Colleague: 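Let me give you the structure first, and then I'll get to my questions.
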Amino acid sequence: MATKTLPAPAWQNLNTPQTLWASLYIIWALDVLLLAAAIVGAQVHRGAMQTIGKDAAPSIIAAQHIKTALADMDADAANELLGAPDQEAYERHRVEAATKLIEAAKNITYADEQKPIVDIQVGMGKYERLVQRARDLHDVNAYSEAARVMDDELLPRADELDKVNNRELDKAYNGQSGKSIASVVFLLFTGAGLVAALVAIQKFLNQRMRRILNPMLVLTTLVTLGFVLYALSVFGAERKDLKVAKEDAFTSVHALWRARAVAYAANADESRYLLDAAHAQEYEQKFQEKAAALANLPSGTSFARVIEAYRDGRKPAITGYLADELNNITFEGERYAAISALENFGEYLSIDGEIRSLQRSGKHAEALELCIRTKAGQSNAVFDQFDQAVGKTLDINQKAFDEAVAGGFSALSNFEIKAGIAAVIIALLAFVGLLQRIREYQ
């Protein structure tokens, strides 16, 4: 029985000019795939930076800024009813909260952001009416009702706005790693395929036409390799900037804004304790809970020992927002500022203990003086020192965050245009290089 011979593949029946034209089409196709891989990679990396740097993080900061301003409003209202000299502080912080609320509304990116913003707007109106009633009638009960609106409606809604954006930020950052790897693999695969095709046609020309090298194809190969390396360096730079922005800077920014917001709410609880005797125990408990959220020290450990440990470069076993920041020190000057914040907070808590001791001893006037006045060594003065230290630490991290975000976008600036130009150059060089050989058969 005769053995059937399988027909040779169609490409083996091509003559030299046909093979060269087919090779050119393959190079162009791979060039288009390389361009697509580069554009997809750029979009993946730019999208992650957009979500973290422009969409989610600013809204998270705005949420905590709103919460801080609201809590400060409440402390101002309580202090005003206690007889504090600064009668304009409440209005300043009310305007600050309203301004930040408008900024948050302008930056709505996710559907779940709108409801907490609307709820805060509605709740602020209710709160302000109750505070005005307390002022007009010197009615502590009206203020107590306003305090419940603040604690149960306004501050939780600000936290909700934070959570919505923080969820999206974490999703973008956690998903970016896998997408980044996939885009890099796609880029390497298409780049390697194009280089392999160029090497193969060089080998074909050497075997069929006895040409050692085709200068244009060599240049095409070098341009391809150069572009792939350039794209990898751009994506690598963006990933580095993204890490700095998210892990090094924003982790601290978020912890510090939370610390600031909770501290202002605790400061309000301190004033409420003196203002509303009927709910003093409740406000004292809330103060202690908030203080622990900022810095929760193990039993028997003093602030002095904790601060000494941090200055020695050790990480003592404390928890809270201030601990989160101190355990994430990255930038120059950050450690000193963060330790200063913790030190001032410890002093503030010590003065708070004196206020409560005086109040329990029936020395209300002395407790009031220590609470609402601003002389050195008094509660508000030390709280301001704490807030300034937090602000300085925040500024260091915010600057690093802004620079990292700007660097990430700068690395990707006009990348698609550059990729398009590189793709056109590769296509033209390959065409010119092969056209010279094709013409030899005409």
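Since we're looking at a predicted model, the values are computed, not measured. Scope of the values below: all heavy atoms of this structure, side chains included, with no hydrogens, waters or symmetry mates.
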Colleague: I need the minimum non-hydrogen distance between Ala400 and Phe331, along with the two atoms involved.
Modeller: CB-CZ, 3.4 Å

Colleague: Do Glu347 and Phe303 come within less than 4.5 Å of each other through their side chains, counting heavy atoms only?
Modeller: no

Colleague: Is Lys392 paired with Asp395 through a side-chain N to carboxylate O contact shorter than 4.0 Å?
Modeller: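 The answer is no: the pair does not qualify as a salt bridge.
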
Colleague: Taking the side chain as everything from C-beta on, heavy atoms only, tell me whether Ile355 gets closer than 4.5 Å to Glu366.
Modeller: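 A side-chain contact under 4.5 Å is absent here.
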
Colleague: Do the side chain of Asp241 and the main chain of Val405 share a donor and acceptor less than 3.5 angstrom apart?
Modeller: no

Colleague: Check the pair Glu369, Leu358 against side-chain contact (heavy atoms from CB on, under 4.5 Å), reporting the backbone distance first and the verdict last.
Modeller: CA-CA 11 Å; Glu369 181 76 12; Leu358 289 169; over 6 Å; no

Colleague: Quick one: CZ on Arg258 to CD1 on Ile60, what's the gap to the nearest 0.5 Å?
Modeller: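 The distance works out to 8.5 Å.
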
Colleague: For a quick test of reading the model, state the closest non-hydrogen atom pair linking Ala430 to Thr220 and the distance between them.
Modeller: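 Here Ala430 and Thr220 meet closest at N-OG1, 3.4 Å.
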
Colleague: Answer yes or no: is there a side-chain heavy-atom contact under 4.5 Å between Leu34 and Phe227?
Modeller: yes

Colleague: Identify the heavy atoms of Met49 and Ala404 that sit nearest to each other, and give their distance.
Modeller: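 Where Met49 meets Ala404 most closely, the heavy atoms are CE-O, 4.0 Å.
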
Colleague: Can a donor-acceptor pair be found, under 3.5 Å and without considering hydrogens, that links the side chain of Gln378 to the backbone of Thr374?
Modeller: yes

Colleague: Decide, yes or no, whether a salt bridge links Arg92 with Asp76 under the criterion of side-chain N to carboxylate O below 4.0 Å.
Modeller: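 Asp76 and Arg92: not salt-bridged.
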
Colleague: Is there a side-chain contact (heavy atoms from CB on, under 4.5 Å) between Leu434 and Ile27? Walk through the geometry before answering.
Modeller: CA-CA 11 Å; Leu434 290 177; Ile27 289 170; 4.3 Å; yes

Colleague: Could you tell me whether Glu103 and Lys100 have a side-chain N and a carboxylate O separated by less than 4.0 Å?
Modeller: yes

Colleague: Contact between His93 and Tyr264 at the side-chain level, heavy atoms closer than 4.5 Å - yes or no?
Modeller: no

Colleague: Test Glu160 against Arg157 for salt bridge (charged side-chain N to carboxylate O under 4.0 Å, His left out), laying out the working first.
Modeller: CA-CA 5 Å; Glu160 186 179 330; Arg157 295 295 82 75; 3.0 Å; yes

Colleague: When the side chains of residues 409-420 are checked against the rest of the protein, which donor-acceptor pairs come out under 3.5 Å, sequence neighbours left out?
Modeller:
residue : atom : partner : partner atom : Å
Glu416  : OE1  : Arg46   : NH2          : 3.1
Glu416  : OE2  : Arg46   : NH1          : 2.7
Lys418  : NZ   : Tyr230  : OH           : 3.4

Colleague: Give me the atom names and distance for the closest heavy-atom approach of Tyr143 to Ala77.
Modeller: CE1-CB, 4.2 Å

Colleague: Do Leu370 and Ile351 have side chains that approach each other closer than 4.5 Å (heavy atoms only, starting at C-beta)?
Modeller: yes

Colleague: Calculate, to the nearest 0.5 Å, the distance between atoms OG and NZ belonging to Ser357 and Lys363 respectively.
Modeller: 8.0 Å

Colleague: Assess, by modelled atom type and distance only, whether the side chains of His65 and Glu96 contain a donor and an acceptor separated by less than 3.5 Å.
Modeller: yes

Colleague: Can you name the nearest heavy-atom pair linking Ala104 to Ala62, along with the distance?
Modeller: CB-CB, 4.2 Å

Colleague: Give the table of side-chain donor-acceptor pairs shorter than 3.5 Å for residues 172-190, with sequence neighbours excluded, one pair per line with atom names and distance.
Modeller:
residue : atom : partner : partner atom : Å
Tyr173  : OH   : Glu247  : OE2          : 2.4
Asn174  : ND2  : Asp170  : O            : 3.0
Ser180  : OG   : His45   : NE2          : 2.8
Ser180  : OG   : Arg239  : NH1          : 3.2
Ser183  : OG   : Lys179  : O            : 3.3
Ser183  : OG   : Ser180  : O            : 2.8
Thr190  : OG1  : Phe186  : O            : 3.0
Thr190  : OG1  : Leu187  : O            : 3.0

Colleague: Among pairs that include at least one residue of residues 335-368, which meet ring-ring contact (aromatic ring centres under 6.0 Å, His included), considering only residues two or more places apart or in two chains?
Modeller: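 Of all non-adjacent pairs touching residues 335-368, those that pass ring-ring contact (aromatic ring centres under 6.0 Å, His included) are Phe345-Phe386, Tyr348-Phe383.
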
Colleague: With distance as the sole test, does Glu343 use its side chain to make a donor-acceptor pair with the main-chain N or O of Ile339 at under 3.5 Å?
Modeller: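 No; zero donor-acceptor contacts below 3.5 Å.
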
Colleague: To the nearest 0.5 Å, what is the distance between CG on Leu274 and CG on Asp269?
Modeller: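 So the CG of Leu274 and the CG of Asp269 are separated by 11.5 Å.
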
Colleague: Do any pairs count as a ring-ring contact (aromatic ring centres under 6.0 Å, His included) and have a residue in residues 265-284, sequence neighbours left out, and if so which ones?
Modeller: none

Colleague: With distance as the sole criterion, is a donor-acceptor pair present between the side chains of Asn328 and Thr251 under 3.5 Å?
Modeller: no

Colleague: If you define the side chain from C-beta out and look only at heavy atoms, does anything of Leu219 sit under 4.5 Å from Pro215?
Modeller: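 Contact flag for Leu219/Pro215 side chains = no.
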
Colleague: Evaluate side-chain contact (heavy atoms from CB on, under 4.5 Å) for Asp248 paired with Lys243, printing each intermediate quantity in order.
Modeller: CA-CA 7 Å; Asp248 298 336; Lys243 178 185 179 298; 3.7 Å; yes

Colleague: Quick check: closest heavy atoms across Asn397 and Ala249, and the distance to 0.1 Å?
Modeller: O-CB, 3.5 Å

Colleague: Does some side-chain heavy atom of Asp55 sit less than 4.5 Å from a side-chain heavy atom of Glu168?
Modeller: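 No. Closest side-chain heavy atoms not under 4.5 Å.
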
Colleague: Pairs under 3.5 angstrom only: tabulate donor-acceptor contacts from the side chains of residues 315-325 to other protein residues two or more places apart or in another chain.
Modeller:
residue : atom : partner : partner atom : Å
Lys315  : NZ   : Asn327  : O            : 3.4
Glu325  : OE1  : Ser252  : OG           : 2.6

Colleague: Could you tell me whether Glu91 and Arg94 make a salt bridge, using a distance below 4.0 angstrom between a side-chain N and a carboxylate O?
Modeller: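 Yes, Glu91 and Arg94 are salt-bridged.
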
Colleague: In Å and rounded to the nearest 0.5 Å, what is the CG to CZ distance from Asp139 to Arg133?
Modeller: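 Nearest 0.5 Å value for the CG-CZ distance: 5.5 Å.
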
Colleague: Any salt bridge linking Arg272 with Asp74? Criterion: basic side-chain nitrogen under 4.0 Å from a carboxylate oxygen.
Modeller: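 Looking at Arg272 and Asp74, the cut-off is met.
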
Colleague: Report the C-alpha separation of Gln202 and Leu198 in whole Å, then their side-chain angles, then the decisive distance to 0.1 Å, and conclude whether the side-chain contact (heavy atoms from CB on, under 4.5 Å) test is met.
Modeller: CA-CA 6 Å; Gln202 285 273 22; Leu198 290 166; 5.7 Å; no

Colleague: Taking Lys286 first and then Asp151, would you say they form a salt bridge - that is, a charged N and a carboxylate O separated by under 4.0 Å?
Modeller: yes

Colleague: Between Arg356 and Asp352, is there a side-chain N and carboxylate O pair less than 4.0 Å apart?
Modeller: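 Judged by the 4.0 Å cut-off on N to carboxylate O distance, Arg356 and Asp352 do form a salt bridge.
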
Colleague: Please check this pair: side chain of Asn344 against backbone of Ser340, looking for a donor-acceptor N/O pair closer than 3.5 Å.
Modeller: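 Yes; at least one donor-acceptor contact below 3.5 Å.
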
Colleague: For Gln398 and Asp402, does a side-chain donor sit closer than 3.5 Å to a side-chain acceptor?
Modeller: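 Indeed, the side chains of Gln398 and Asp402 share at least one donor-acceptor pair under 3.5 Å.
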
Colleague: Going by distance alone, is a donor N or O of one side chain under 3.5 Å from an acceptor N or O of the other, for Arg129 and Gln132?
Modeller: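 Judged by distance alone, the side chains do not pair up.
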
Colleague: Out of curiosity, Asp387 CG to Arg260 CZ, how far, rounded to the nearest 0.5 Å?
Modeller: 4.0 Å

Colleague: Drop me the distance from Met124's CE to Ile120's CD1, to the nearest 0.5 angstrom.
Modeller: 9.0 Å

Colleague: Do Lys67 and Val262 make a side-chain contact, defined as non-hydrogen atoms from C-beta onward lying under 4.5 Å apart?
Modeller: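 The answer is yes, as the side chains (C-beta and beyond) meet within the 4.5 Å cut-off.
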
Colleague: Which residue pairs pass the ring-ring contact (aromatic ring centres under 6.0 Å, His included) test with at least one member in residues 94-129, sequence neighbours excluded?
Modeller: none

Colleague: Treating Asp162 as the side-chain partner and Ala158 as the backbone partner, does any N or O pair qualify as donor plus acceptor under 3.5 Å?
Modeller: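 Not at all, since once roles are kept as given, no pair shorter than 3.5 Å links the two residues.
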
